[in-house]
Amino acid sequence: MITLTLPDGSTRTHPEGVTGRELAASLSAALAREAVAIKLNGRLMDLDRPIREDAAVAIITPRDDDADALYVIRHSCAHVMAEAVQRLYPGTRLVYGPPLLEDAKYGFYYDVDAPEAITVDDLPRIAAEMEKIIAEDRPFGRREMSREEALRCLVGDPYKTDNVTNADGDVISFYTQGVVGQDFEDLCMGPHVPSTGWVRHFKLQNVAGSYWKGDENLSRLQRLYGNAFATAAGLQAHDRLMAELARRDHRRIGRDLDWFSFHPEAPGHAFWHPRGTILYQVLSDYIRAACRARGYEEVRTPTVLKRFLWERSGHWDNYKDKMYHFERERESYAVKPMNCPGSVVIFQAGHHSYRDLPRRWAELGFVHRHESGGEVQGLLRVRGFTQDDAHIYCAPDQVEDEAVTLIDFVFDVYRTFGFENVHVELSTRPEKHMGSAEHWDLSERALLGALARKKIDYKLNPGEGAFYGPKIDFHLTDCLNRRWQCGTIQVDFNFPEKFDLTYADRDNQPKRLVMLHRTILGSFERFLGILIEHYAGALPVWLMPVQVRVASLTERQLGAAAALAERLSGAGVRAEADLRNEKVGLKVRDAERDKIPYLIVLGDREVTSGMLAVRGRGRRDLGTMAPEAFLEHVRREIAEQTLP
RNA sequence: GCUGCAGUAGCUCAGGGGUAGAGCACAUCCUUGGUAAGGAUGAGGUCGGGGGUUCAAUUCCCCCCUGCAGCUCCA
């Protein structure tokens, strides 16, 4: 007899060899009906596999909030899709088909080597074939053999042979959908749902290219993406999420609201339209003021600098293929991909006393990086962008305090924009690093100390630091729970060494200083892209390019509407007038489309009474108010950076 | 950079070997209106660029550019 411990802590005694299915049946008929797999001591297993020893057991049922259930269902769905593909495209070799749990969009994929091209137009056919397989409701069966046997079975299949060679353990398993030797079978460690009928709520989503083992020198494969859920509601929720992603796409919003555009004349660069430029401007005003309030000075360094600087900084060796560079009158130049070398040139040009440290030099520098073609994506990955960069020159014993201050700064900024949920990662000394162990210890201790003092939970990435020093990265979480890396604090003693940066200490001896590189927003472009998606274009009032629109009701109010817009503009509110010869319904609709925070409709009534009829973004009728009261309200929202 | 797919009016898209169409947007006129689309008329396109096949190419083929989805990268 063996003792099985259930998730609620209770125990059951069963004969050795009892299966998950039998265990479920002993608990309740409903559970037996519902069960798709079990988790045995933390490992997912098929329902039919015998349990041979005392263990903690959980019965997995189809629930969309259970990652284990989704894992099994999606994995099984990938197998069903594989069978459908092989039926429709005979000769297709299967390569690798894992479930995905982290991805917002896709739930699984299967890389296949098919004799012909499969396009998205073929997905409905494949899905229809899958429906047949699901209707046949054939059982998933597990077959185990030794590695040698498995290799014999897979002769002629380079992909699966490779998978077997790399597989852990000595037992290799195959899963059949139906009868062994007759129906579809795939090498797989499992587990799977009891039968193909358990895969119901799925969707095939996309086809894309991929490579065997991600290596472009190896075979080109086709990757078929799909998703599957435990319930119809789960699938529906996913459809809604997909629609939401499309609705929030910053590229579409940027075009619709006339904020920015992209053109072949400068691929990978945003062209900021007048309204979008206001966003850029407001953001720089904000970050400048925030830096000034925290003891920063601002510097500006050249865009084009001579090559020898980049050679000295190490960028020429490590970053050359992403740099724009050229010759001019037999001199070599490069366009800056980073601001640090320029900052260092300024620092080097003077003598520095310990009394002056730390020096915090911010630079809103525009940098160019030639990201390769396939990597460029809207504002989120561009080739030219403004960094809210800063370099802090400090004594080694000041690093921790500076890091503490910076952490506060970062959280403050994110909170201002409505991002409360920030994920922090600390990356430490990589295998290939430079600088002394002493330096590394000091820097890592400083960052760790700062995180501890701020009581911040973080993820540790051992060995993931930059070669010149450890770093803290800040990822903010948007309304769809997506994480975006924005801020970073990097300790650097490489630059101070290379450029011989020193300060005169109390004893009048030159001492080596430490440099911190930091960004908070990261890049203006990227940060604005994230903001736009987070708010679906309906940004907080203080950021909106147009904050108030005044709509005339009839021709009689043309003058009054224009005058009101003027008055608001004069009072520091970004306002415009909608004087078109159109009905209010249309003007309201357009104001909503343009995400205008406040729409004021001026009719005879308002002109006569001197009051304003105010409508807030999103069906909010704010009633009538006096112009002074409205102005006061909007100006307070702007000043206080109120969130919607 | 690699793979696949795409590029037709400002936007979203239809079409198809015989030099082009819709809706929205835009302009003008009618309407003078009360909180998510009033009506009419009109203007707008070397069908991404270059080459090839053809009597004829926007349509078929090749190359390039750009975009999208992935892969890979992400000091």
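Lettering of chains follows the sequences in order, A, B, ..., and the numbering in each one begins at 1.
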Roughly, in whole Å, what's the span from NZ in K595(A) to P in A36(B)?
-> 16 Å

Would you please confirm or rule out a distance under 4.0 Å between OP1 or OP2 of C71(B) and any side-chain N or O of Y96(A)?
-> no

Indicate whether any N or O donor in one side chain lies under 3.5 Å from an N or O acceptor in the other, for S210(A) and Y109(A).
-> no

How long is the line joining CG of D122(A) and P of C5(B), in whole Å?
-> 11 Å

Expressed in whole Å, how much space separates the C1' atoms belonging to G7(B) and U12(B)?
-> 14 Å

Calculate the interatomic distance between R580(A) atom CZ and A37(B) atom P; express it in whole Å.
-> 13 Å

Modelled atom types, side-chain donor and acceptor of H633(A) and Y598(A), under 3.5 Å = yes

With a 4.0 Å heavy-atom cut-off, tell me which residues in residues 252-267 of chain A come close to RNA chain B, sorted by residue number.
-> R255(A), P264(A), P267(A)

Starting at CD of E375(A) and ending at C1' of C2(B), how long is that distance when rounded to a whole Å?
-> 10 Å

Phosphate OP1/OP2 of U72(B) contacted by K213(A) side-chain N/O (<4.0 Å) | no

How far apart are the C-alpha atoms of N581(A) and E555(A), what are their side-chain angles, what is the distance that settles it, and do they pass the side chain to side chain donor-acceptor pair (under 3.5 Å) test?
-> CA-CA 7 Å; N581(A) 179 9; E555(A) 276 174 357; 4.9 Å; no

Going by atom types alone, do Q485(A) and H475(A) pair a side-chain donor with an acceptor below 3.5 Å?
-> no

5' precedence on RNA chain B between G268(A) and G314(A) (nearest-nucleotide basis) = G268(A)

Hey, does the side chain of R223(A) come within less than 4.0 Å of G4(B)'s phosphate (OP1/OP2), counting only N and O?
-> no

Which nucleotides of RNA chain B pair, in dot-bracket form (Watson-Crick or G-U under 3.5 Å, | meaning another strand) = (((((((..((((....[..)))).(((((.......))))).....(((((..]....))))))))))))....

